[in-house]
Colleague: 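Sending over a structure as structure tokens; questions will come in a sec.
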Amino acid sequence: MRSINSRGLFSGTGLIVAGLTVTLVALVFPIWSYADRSGTGVDTLNAETVSTGYGPLSALDRDFVTKVRLAGLWELPAGQQAEERGTTRAVKTAGEHLVEGHTFLDERVRAVAARLGLELPNQPTEQQQAWLDTLSAARGGEYDTQFANILRSAHGKVFGLVAQVRANTRNSLVRELADDANTTVLDHITVLEATGLVDFEALARDAAAASVPPLTSSPAPPGPQASPSPPVPASPSPPPTYSLPPAATGRPAKPKDETPDETEGKAEDKAQEKAQDKAQDSDKKP
């Protein structure tokens, strides 16, 4: 009987100890997993950032400088081609803007890279070369459409990167380059849209396909609503009323005159005071 009770007691104590241990681990684990672990965004930023005389240079900064150079390597020849093969004045004008803008930006990015000690590419990427090949194979109106849409799509993607770098960089040279790139890319987007050939529906679909779905569902679009009732003018509230004392009808009444009895009494008092004063004076004389 005692052995059975001891085993039961031991089993119960063990369960309690085990429960306390699990609770302690559950409390300690979040502290370790979030406060002390490495690999967070700040850790990655610090690990990939190098010091320069113009401020910290992050991995995103270096990627941005490289992409500015790569943009010029294919958009500059695409602009030169549009000047020659565009069938409308708007397409030729867009080509001129691309040539001018990327000639300027390429000079700027090479100067920035030299001061930061960064190596730049000299050939476009495979994707960029494929875009150039597509444009080279197009003719007439098809060329105009391909040019406007390929270049507009590429500039839209770069525009977001420029904004991100400009907002977050700690390097003064990268910040200035982002300012120049922002002005240039926005100008190119504007002239490309001015051709009237940009397919905005396709741009929106491509952006939606590449974006991460939101964590929460957006509200449904509004449906038809009943016409609101005509406005009803509001009536002003009546002013508050206060109880006031009655207005005065005349001057305040004068104090009542003294009665003859009161006057005679005061005269007798004064006569007695004078008699007492004389008696005191006579006593003082030698």
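Sequence positions, counted from 1, serve as the residue numbers for this chain.
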Colleague: Are Tyr143 and Leu151 joined in one hydrophobic group, where the rule is that I, L, V, M, F, W and Y side chains link up if heavy atoms are under 4.5 Å apart?
Modeller: yes

Colleague: Would you indicate whether the side-chain heavy atoms of Arg152 and Thr195 approach each other to under 4.5 Å?
Modeller: no

Colleague: Treat each ILVMFWY residue as a node, draw an edge where side-chain heavy atoms are under 4.5 Å apart, and state whether Val68 and Val185 are in one component.
Modeller: yes

Colleague: Can you classify the ring geometry of His102 versus His188 as parallel (below 30°), tilted (30 to 60°) or perpendicular (above 60°)?
Modeller: tilted

Colleague: State the CZ-CG distance between Phe200 and Asn149, to the nearest 0.5 angstrom.
Modeller: 9.0 Å

Colleague: Hey, are the side chains of Val165 and Leu161 touching, using non-hydrogen atoms and a 4.5 Å cut-off?
Modeller: yes

Colleague: Run the numbers on Val99 and Thr103 for side chain to side chain contact (heavy atoms under 4.5 Å, CB included), then give the verdict.
Modeller: CA-CA 6 Å; Val99 171; Thr103 298; 4.1 Å; yes

Colleague: Taking the side chain as C-beta and beyond, is there a heavy-atom pair between Asn171 and Leu116 under 4.5 Å?
Modeller: yes

Colleague: With clusters defined by side-chain heavy atoms of hydrophobic residues (ILVMFWY) lying less than 4.5 Å apart, directly or transitively, does Phe64 cluster with Tyr54?
Modeller: yes

Colleague: With hydrophobic residues grouped by side-chain heavy-atom distances under 4.5 Å, do Leu105 and Trp74 end up in a single group?
Modeller: no

Colleague: Distance check, rounded to the nearest 0.5 Å: Thr134 atom OG1 versus Glu142 atom CD?
Modeller: 9.5 Å

Colleague: Between Glu119 and Arg69, is there a salt bridge with N-O shorter than 4.0 Å?
Modeller: no

Colleague: Atom CG of Asp133 and atom CD of Glu126: how far apart are they, to the nearest 0.5 Å?
Modeller: 11.0 Å

Colleague: For residues Leu120 and Leu76: do they belong to one hydrophobic cluster (side chain heavy atoms under 4.5 Å, members Ile, Leu, Val, Met, Phe, Trp, Tyr)?
Modeller: no

Colleague: Does the side chain of Asn122 come within less than 4.5 Å of Leu73's, by heavy atoms?
Modeller: no

Colleague: For a quick test of reading the model, state the closest non-hydrogen atom pair linking Ala90 to Ala194 and the distance between them.
Modeller: CB-O, 4.1 Å

Colleague: Between Leu192 and Phe147, is any pair of side-chain heavy atoms under 4.5 Å apart?
Modeller: yes

Colleague: Can you tell whether the side chains of Arg175 and Asp179 come within less than 4.0 Å, N to carboxylate O?
Modeller: no

Colleague: Less than 4.5 Å apart, any side-chain heavy atom of Leu118 and any of Leu57?
Modeller: yes

Colleague: Do you know the tightest heavy-atom contact between Gly101 and Thr184?
Modeller: CA-CG2, 3.8 Å

Colleague: State, to 0.1 Å, how close Val198 and Ala148 come at their nearest heavy-atom pair, and which atoms those are.
Modeller: CG2-O, 4.2 Å

Colleague: Heavy atoms only: give me the nearest Gly72-Pro77 pair and the separation to one decimal.
Modeller: O-CD, 3.8 Å

Colleague: With side chain to side chain contact (heavy atoms under 4.5 Å, CB included) as the test, would you mind laying out the steps for Thr190 and His97 before giving the verdict?
Modeller: CA-CA 10 Å; Thr190 303; His97 279 246; over 6 Å; no

Colleague: How close do Leu135 and Ala78 get, counting heavy atoms only, and between which atoms?
Modeller: CD1-CB, 4.2 Å

Colleague: Counting C-beta onward and ignoring hydrogens, is there a side-chain heavy-atom pair between Val91 and Thr87 closer than 4.5 Å?
Modeller: no

Colleague: For Ala59 and Glu48, which heavy atoms make the closest approach, and how far apart are they?
Modeller: CB-OE1, 3.2 Å

Colleague: Under 4.5 Å between any side-chain heavy atoms of Thr169 and Ser58, yes or no?
Modeller: no

Colleague: Nearest 0.5 angstrom please: Gln128 CD to Leu70 CG, how far?
Modeller: 5.0 Å

Colleague: Please report the interatomic distance OG1(Thr145) to CD1(Ile150), rounded to the nearest 0.5 Å.
Modeller: 10.5 Å

Colleague: Set out, in order, the CA-CA distance, both residues' side-chain angles and the distance that settles side chain to side chain contact (heavy atoms under 4.5 Å, CB included) for Glu176 and Arg108, then state yes or no.
Modeller: CA-CA 10 Å; Glu176 293 172 0; Arg108 289 282 292 111; 3.8 Å; yes

Colleague: What distance do Leu186 atom CG and Phe159 atom CZ have between them, rounded to the nearest 0.5 Å?
Modeller: 4.5 Å

